[in-house]
Colleague: 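Could you have a look at this structure, given as structure tokens, before my questions?
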Amino acid sequence: MGAGDVTLLIDGQGRQETVTVTGGTRLLELAPPAQEPPVLAALLDGRPVDLARPVFEPGHVAWLSFRDDPGRRVFRHSSAHLLAQALKRLWPETKLGTGPALEDGYYYDAEPPVPITAQDLPRIQETMAQIVAENLTIERKEISREEAMRLFAERHEPYKLEIIEGLAEDAVISIYQQGEFVDLCAGPHVPSTGFIGTVRLTNVSGAYWRGDERNPMMTRVYGTSFPSEDELQQHLKRVEEARLRDHRRVGRELGLVQFREEAPGFAFWMPKGVRLYRALEQFSRDLQGPLGYEEVMTPWIYRAELWKQSGHWQNFRDNMFVIAADEEMAVKPMNCPGHCLLFKSETRSYRELPIKWADYSPLSRFERSGTLNGLLRVRGLHQDDAHLYVRPDQIEEQIFECVGLVDTVARAFDLGQMEIEFSTRPEEYLGDLQTWARAEADLEAALRRSGRAYRINPGDGAFYGPKLDFYATDALGRRWQLSTVQLDYQLPEQFDLHYVDHEGKPRRPVMIHRAILGSLERFIGILIEHYGGAFPFWLAPEQVRVLPITEAQEAWAAQIAGDLKADGIRVHVDDRREKLGYKIRAAQGDRVPVMLVAGAREAEAGQVGVRTRQNGDEGPKPWDDVRAQMRALNRRPIDA
RNA sequence: GCUGGCGUAGCUCAACUGGUAGAGCACCUGAUUUGUAAUCAGGCGGUUGGGGGUUCAAGUCCCUUCGCCAGCUCCA
């Protein structure tokens, strides 16, 4: 082993090996040559680096390919550079912003001399493909701040200059060059443009420079890229699948919910939608009722004074509907102030705590027009909201109980395990450090007790207290924030709430604000997409459809439906004079989970032909058996 | 809110450079009494989101307004 030799520990496929090489050797020379998918970059002691990187120090190397997440990011980031290069080729005066990798694609923000529209995308895409074909080597150079400033000044890239100016004093500044194109970039990148197999531009939109609406609007071009055409097609298929599941489309098709321009941001619930909505609401009530929750109903419009007292006027006014009556009033965006008034209306003893008040009131929040999004972002909503007024010694126990509720909900809707984020004290906070420390400790103790894994989000808590956020992953792999549990020390203060302790002294209660399903509107929107409209039996707006084959079986069909109705099952008889195949097709299209065929044979034998949405024809069965089966199917995840 | 795109029958979508607004599904009527994913025939249905303008002529071009969609730092 020579003086300049370097020993590296390399993660191969499934095993590790130790390699000793001459100092200055490039990683490229060590990478497995013909691996599929090819090695694109490497992790050197955990940091992503280019394959062209020479090594001088001993270290730990892991190869990155399109198969792993960081590798995919490198691939996409290099794709973004391709996009920028194409833009510069087509419109040399284009000013470049930034172009990062995304979850399954990338974008580049630029300021072109002429507006770019979707019609330009094919042209840009062709230019990108051309650059891939040229297989330009991608080279990294580290340069001084002065050099960088000079370079990008020469190239008339004001945004790049701004970025450089914002970089830390001691930052390593690097540029990447491929052919005539140079970009300021931390890297790493794939070795050459030929590594990017196939690119597809998907969308173009506006985006403020650095996301600040006071800054100029840039043009953002979105794209994705894959090693092969095949993988691109698969991806496009997934996107199409998601589009077909879009709750706005499915919600309307299934007659659940619709939106109209007469009331932007507010849902119109149709009869079937209300069945679903009520099923969920009842589920929520039955879930928490046994835990000592009581339901309250509180006013939905209050004098401005109340909102001043609660702090909403100062912090939330832009999101409230303020109305001019004989005095200024506001429609409630949250239930908490109303609940505090109720709490205060009587002297509370330490013996009655915890008090747990649920409230499904309508809430109104003014959301900017551009942010509205079907059921997912509305102006009118209902939460499975509750406020718990507790003594400090009850915090841990109550939080623990809330985590349990979240788990039950995740199981009930096939949402897997929810991920938990624990947000701690932010820089701007109210109250004293001691209280915060206690609150965070209580939250954490409850989490520990639940045995659940969680991630700490330092400094991301609300100004009034730490919180837990729960994230679910749906059937399409998308992540949604659903439940939230927040400790609040602020409102009890604002409203001067107290209870009397065992010594007869007044004490300040702590509030826990929690929503498990969150906004019912949003939750239903997510459920529609999660299930693709094919709800499980207990939730389905129409659970059973009875299909008589001819008019002669209408009596039998009516009896079946009557029995089911008596069992509390949502049933409908399709007595149109159509063929069976036609009715089945219609029921399948309406995602009805169970179809019961009533023909002459069945009517005579006291049977029904069972057909499920999922398994198709299951043949004739005695009605009593089927009826019992339907009752069993109708049990909710929380029913015994 | 801002930028870009879009808005045609209840729904999904047609209508070449401006030249008589169409189809499928749904719905209604009639015939068919039907056995596990679409029976046939006929019919109803549109001030082309609203308003204004250009033109001999506007779904198509221009202005305006409303709504919808995408996006508005997963940090060079």
Colleague: For the pair made of CG in A:Asp575 and C1' in B:U33, what is the distance, rounded to whole Å?
Modeller: 14 Å
Colleague: Rounded to whole angstrom, note down the C1' distance from B:U8 over to B:A23.
Modeller: 13 Å
Colleague: Can you tell me the base-pairing partner of B:G4? Count Watson-Crick or G-U wobble geometry only, both distances below 3.5 Å, and say none if there is no partner.
Modeller: B:C69
Colleague: For the atom pair CG (A:Asp69) and CG (A:Leu64), what is the distance rounded to the nearest 0.5 Å?
Modeller: 10.0 Å
Colleague: Between B:G4, B:A76, B:G1, which nucleotide gets closest to the side-chain atoms of A:Ser369?
Modeller: B:G1
Colleague: OP1 or OP2 of B:C69 versus the side-chain N and O atoms of A:Arg248: is any pair under 4.0 Å?
Modeller: yes
Colleague: When both hydrogen-bonding distances must be under 3.5 Å and the geometry is Watson-Crick or G-U wobble, what is B:C28 paired with, if anything?
Modeller: B:G42
Colleague: What nucleic acid atoms does A:Tyr222 come within less than 4.0 Å of, heavy atoms only: base, sugar-phosphate, or nothing?
Modeller: sugar-phosphate
Colleague: Contact class for A:Ala118 (heavy atom, under 4.0 Å): base, sugar-phosphate, or nothing?
Modeller: nothing
Colleague: Measure from the side-chain heavy atoms of A:Ser205 and tell me the nearest of B:C75, B:G35, B:A70.
Modeller: B:A70
Colleague: May I ask you to test the A:Tyr159-A:Asp109 pair for a side-chain heavy-atom distance under 4.5 Å?
Modeller: no
Colleague: Would you kindly give the CZ-to-C1' distance between A:Arg210 and B:U73, to the nearest whole Å?
Modeller: 8 Å
Colleague: Does A:Arg76 offer a backbone N or O that forms a donor-acceptor pair with the side chain of A:Ser225 under 3.5 Å?
Modeller: no
Colleague: When you get a sec, tell me which of B:C75, B:G35, B:G1 is the closest nucleotide to the side chain of A:Tyr208?
Modeller: B:G1
Colleague: Paired with B:C74 by Watson-Crick or G-U wobble geometry, both distances under 3.5 Å: which nucleotide is it?
Modeller: none
Colleague: If the P atom of B:C25 is compared with that of B:A58, how far apart are they to the nearest Å?
Modeller: 33 Å
Colleague: Figure out the CG/C1' separation between A:Leu254 and B:G10, and round it to whole Å.
Modeller: 15 Å
Colleague: Apply the side-chain contact (heavy atoms from CB on, under 4.5 Å) test between A:Arg365 and each candidate in A:Leu381, A:Val378, A:Asp318; give the one that qualifies.
Modeller: A:Leu381
Colleague: A:Glu529 and side chain to side chain donor-acceptor pair (under 3.5 Å): which single residue from A:Arg478, A:Arg248, A:Arg249 fits?
Modeller: A:Arg478
Colleague: In whole angstroms, how far is the P atom of B:G10 from the CG atom of A:Leu256?
Modeller: 20 Å
Colleague: When we call it a touch if two heavy atoms are under 4.0 Å apart, what does A:Arg368 touch: a base, just sugar-phosphate, or nothing?
Modeller: base
Colleague: Side chain of A:Thr371 only, heavy atoms from C-beta on: which candidate in B:G1, B:U34, B:C75 is closest?
Modeller: B:G1
Colleague: If the P atom of B:U54 is compared with that of B:C69, how far apart are they to the nearest Å?
Modeller: 35 Å
Colleague: Send over the distance from A:Glu253 CD to B:G24 P, rounded to a whole Å.
Modeller: 20 Å
Colleague: Measuring only the P atom in each nucleotide, how far is B:U20 from B:A38? A whole number of Å is fine.
Modeller: 39 Å
Colleague: Which residue, A:Glu261 or A:Ala598, contacts RNA chain B at a nucleotide closer to its 5' end, judged by nearest heavy atom?
Modeller: A:Ala598
Colleague: Looking at A:Arg576, I'd like to know whether one of its side-chain N or O atoms comes within less than 4.0 Å of OP1 or OP2 on B:C27.
Modeller: yes
Colleague: Under 4.0 Å, heavy atoms only, any strand: does A:Arg260 hit a base, just the sugar-phosphate, or nothing?
Modeller: nothing
Colleague: Taking N or O atoms only and anything under 3.5 Å, show me the protein contacts with nucleotides 36-42 of chain B, one pair per line.
Modeller:
residue, atom, partner, partner atom, Å
B:U36, O2', A:Arg611, NH1, 3.1
B:U36, O2, A:Arg611, NH1, 3.0
B:A37, N6, A:Gln588, NE2, 3.2
B:A38, N9, A:Arg585, NE, 3.4
B:A38, N7, A:Arg585, NE, 3.0
B:A38, N7, A:Arg585, NH1, 3.0
B:A38, N7, A:Arg585, NH2, 3.0
B:A38, N6, A:Arg585, NH2, 2.2
B:A38, N1, A:Arg585, NH2, 3.3

Colleague: Find the distance A:Glu262:CD to B:G7:P and express it as a whole number of Å.
Modeller: 19 Å
Colleague: Go ahead and name the base partner of B:U48; Watson-Crick or wobble counts if both distances stay under 3.5 Å, otherwise write none.
Modeller: none
Colleague: Would A:Tyr471 and A:Trp480 satisfy ring-ring contact (aromatic ring centres under 6.0 Å, His included), going step by step from the backbone distance to the final call?
Modeller: CA-CA 5 Å; A:Tyr471 292 84; A:Trp480 304 96; over 10 Å; no
Colleague: Considering only atom P, compute the distance from B:G10 to B:C27 and round it to an integer number of Å.
Modeller: 15 Å
Colleague: Cationic tip of A:Arg220 within the cone over A:Tyr107's six-membered ring, i.e. under 6.0 Å and within 45° of the normal?
Modeller: yes
Colleague: Check this for me: does any side-chain nitrogen of one of A:Arg155 and A:Glu93 sit under 4.0 Å from a carboxylate oxygen of the other?
Modeller: no
Colleague: Looking only at atom P, what distance separates B:U47 and B:A41, rounded to whole Å?
Modeller: 29 Å
Colleague: B:G43 and B:G7: how far apart are their C1' atoms, nearest whole angstrom?
Modeller: 29 Å
Colleague: Are A:His235 and A:Phe226 an aromatic pair by the rule of ring centers under 6.0 Å?
Modeller: yes
Colleague: Categorize A:Lys160 for me: base, sugar-phosphate, or nothing, with a 4.0 angstrom heavy-atom threshold over every strand shown.
Modeller: sugar-phosphate
Colleague: What distance do A:His81 atom NE2 and A:Ile138 atom CD1 have between them, rounded to the nearest 0.5 Å?
Modeller: 8.5 Å
Colleague: Just N and O in the side chain of A:Arg243: are any of them under 4.0 Å from OP1 or OP2 of B:A70?
Modeller: no
Colleague: With rounding to the closest Å, how many angstrom separate the C1' atoms on B:G22 and B:A14?
Modeller: 7 Å
Colleague: Base, sugar-phosphate or nothing for A:Ala587? Non-hydrogen atoms, less than 4.0 Å.
Modeller: nothing
Colleague: B:C68 phosphate, OP1 or OP2: any side-chain N/O from A:Asn373 under 4.0 angstrom?
Modeller: no
Colleague: Separation of A:Asn203 atom CG from B:G5 atom P, in whole Å?
Modeller: 12 Å
Colleague: At under 4.0 Å between heavy atoms, what does A:Asp183 touch on the DNA or RNA strands: base, sugar-phosphate, or nothing?
Modeller: nothing
Colleague: What does B:G22 pair with, Watson-Crick or G-U, if both distances are under 3.5 Å?
Modeller: B:C13
Colleague: side-chain contact (heavy atoms from CB on, under 4.5 Å) for A:Asp246 and A:Ile528? Distances and angles first, verdict last.
Modeller: CA-CA 8 Å; A:Asp246 188 305; A:Ile528 290 173; over 6 Å; no
Colleague: Categorize A:Leu372 for me: base, sugar-phosphate, or nothing, with a 4.0 angstrom heavy-atom threshold over every strand shown.
Modeller: sugar-phosphate
Colleague: The side chain of A:Leu184 lies closest to which of these nucleotides: B:A76, B:G71, B:G1?
Modeller: B:A76
Colleague: Rounded to whole angstroms, how far apart are CD on A:Glu367 and P on B:G1?
Modeller: 13 Å
